[in-house]
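Working notes, structure below.
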Amino acid sequence: MKVREHWGSRLGFVLAAVGSAVGLGNIWKFPFITGMYGGAAFVLFYLISILLIGLPVMLIEFSIGRKTQLNPVGAFQKLAPSSPYFLIGAMGVLCGFIILSYYSVVAGWTLTYMYKAVAFGFKDFSSPEIAGEAFTAYSSSPIWPVLSHAVFMFLCIFVVSKGVKVGIERWNRILMPTLFVIILLLIVRGLTLEGADAGLKFLFVPDFSKLTANAMLVAMGHAFFTLSLGMGAMLTYGSYLSEKEDLVKSSLWIIVADTGVALLAGIAIFTAVFAMGFEPAGGPGLVFHVLPAIFSMMPGGNIMGFLFFALLSIAALTSGMSLLEVVTAYFIDQKGWSRRKASIAFGFLIFLVGVPSALSFGALKEIIIFKMNLFDFFDYLSFKYMLPLGGFFMVLFTIFRWKPKSLLEELKRGGPGLKISVGLATVLLLISAVFVGVTFVAGVLGVG
Ligand code: PFF
């Protein structure tokens, strides 16, 4: 048998996991869904979800991954042989496939805008209407979105095919510190704009009348999405860990970094949106409509704009590689494929599956499933349904099959672990399961 690859260092692992968590979810999606679902009350429910389910599910994924040293399907098979639990892992691999197929489309948009910033600056986007028209023309073209989607998938394949240490870890070590520097620069710019306080109010002063059950389900689904949980990405990254890692401490760091970046990105974007007098509910196009117009008006806007889209591209790449790694690891472990072959073959297949999403704003926009275009359909299917269900079943698996005692034991290897009794751990896990279950059912039935 081949020896399993491992992370080269503790910092390398944490940076890679933060790289997976911090992505388009934080900088593109969080602001636009916050705008669509009503602002601060939505943010509050999202933060509650992070606390109640983010930490337990992350601990479960890392523990199962490290314990089994396997991909999501193999991991559940090893811990619960001859049972249907492996389906949790199988749904995860499928979900990684689906998410990456449309995620790469948005990542391609960000790469294009980064290029546009360098080549032309933002002077042509003098109002959100003009910027919006330019974005519509670009995103509905039959060629450019597909090409940029191809470039992004190529980058993911390039990194993942090199391996865990030399590919994923090395690139995260370079890209993640760059990302933090850029976001700090953008925040300073946002906060020093006149009228920035309206943006802060929108983010932090809740109006609960806007919080419907559907909005709660979106907030909870987003908590899973933003932390890369519920589909085995963190499980896969955990499977490259050795016994030395303190899983509790690392998880806390990852959660704080991810939530911090989402809130900081929210501040940077909403201060600018409100200061310039624009509408926050811009949908998926928010950062492509409103922000280019803002950059065109702002002193230093060309540089800020370039930095912003570079930030998005970096965040997308470090997450995209973790999505591809889930699928790749499955084919390496379960089917005996080489890393090179698995990453190239499935990277290419994911590219093909993503082409209809890339065209769903133009040539294929007439194709509507459940009132959504293909892009939105894949997005909603994965983050509103598959991730919460995956997380829910992982918690149930831990309570009823693997047992909370085994989880606590695994957490103790490499650190002080969680100093709580098995009884308390069981109660906390039950609370998470009930929270996910109730929010899910209420959201699906559209209560409230
Ligand atoms: N966490 C990523 C983001 O917020 O953009 C998206 C993501 C990556 C989701 C990896 C799931 C995953 F497995």
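Because the structure is predicted, anything quoted here is derived from the model rather than measured. Note that the numbering runs from 1 along the sequence shown for the chain. Counting starts at 1 for both ligands and their atoms, in listed order.
Interface of Ser319 with ligand 1, defined as ligand atoms under 4.0 Å from a residue heavy atom, comprises 2 (C). Close contacts between ligand 1 and Ser322 involve ligand atoms 10 (C) [criterion: under 4.0 Å to a heavy atom]. Counting atoms of ligand 1 from 1 in the listed order, those under 4.0 Å from a heavy atom of Leu24 are 5 (O).
In the candidate list Phe30, Phe225, Tyr103, Tyr237, Phe225 is nearest to atom 1 (N) of ligand 1, counting heavy atoms. Among Ser382, Ser20, Ala21, the residue whose heavy atom lies nearest to atom 4 (O) of ligand 1 is Ala21.
In this structure, Lys29 satisfies the cation-pi test against Phe383, with its NZ or CZ atom closer than 6.0 Å to the six-membered ring centre and inside 45 degrees of the ring normal. Judged by the 6.0 Å and 45° rule, Lys116 forms a cation-pi pair with Tyr138.
Atom CE of residue Met394 and atom CD1 of residue Ile64 lie 7.0 Å apart, to the nearest 0.5 angstrom.
Of all heavy-atom pairs spanning Thr271 and Ile267, the tightest one is OG1-O, 2.5 Å.
Of the heavy atoms in Met231, only side-chain atoms (C-beta onward) come closer than 4.0 Å to ligand 1.
Of the protein's heavy atoms, Leu323 CD2, 3.3 Å lies nearest to atom 12 (C) of ligand 1. Atom 8 (C) of ligand 1 has as its closest protein heavy atom Ser228 OG, 3.3 Å.
More than 12 heavy atoms of other residues, nucleotides or ligands lie within 6.0 Å of CZ in Arg413, so this atom counts as buried by the packing criterion.
Taking the six-membered ring for Trp and the full ring otherwise, Phe309 and Tyr113 have centroids separated by under 6.0 Å.
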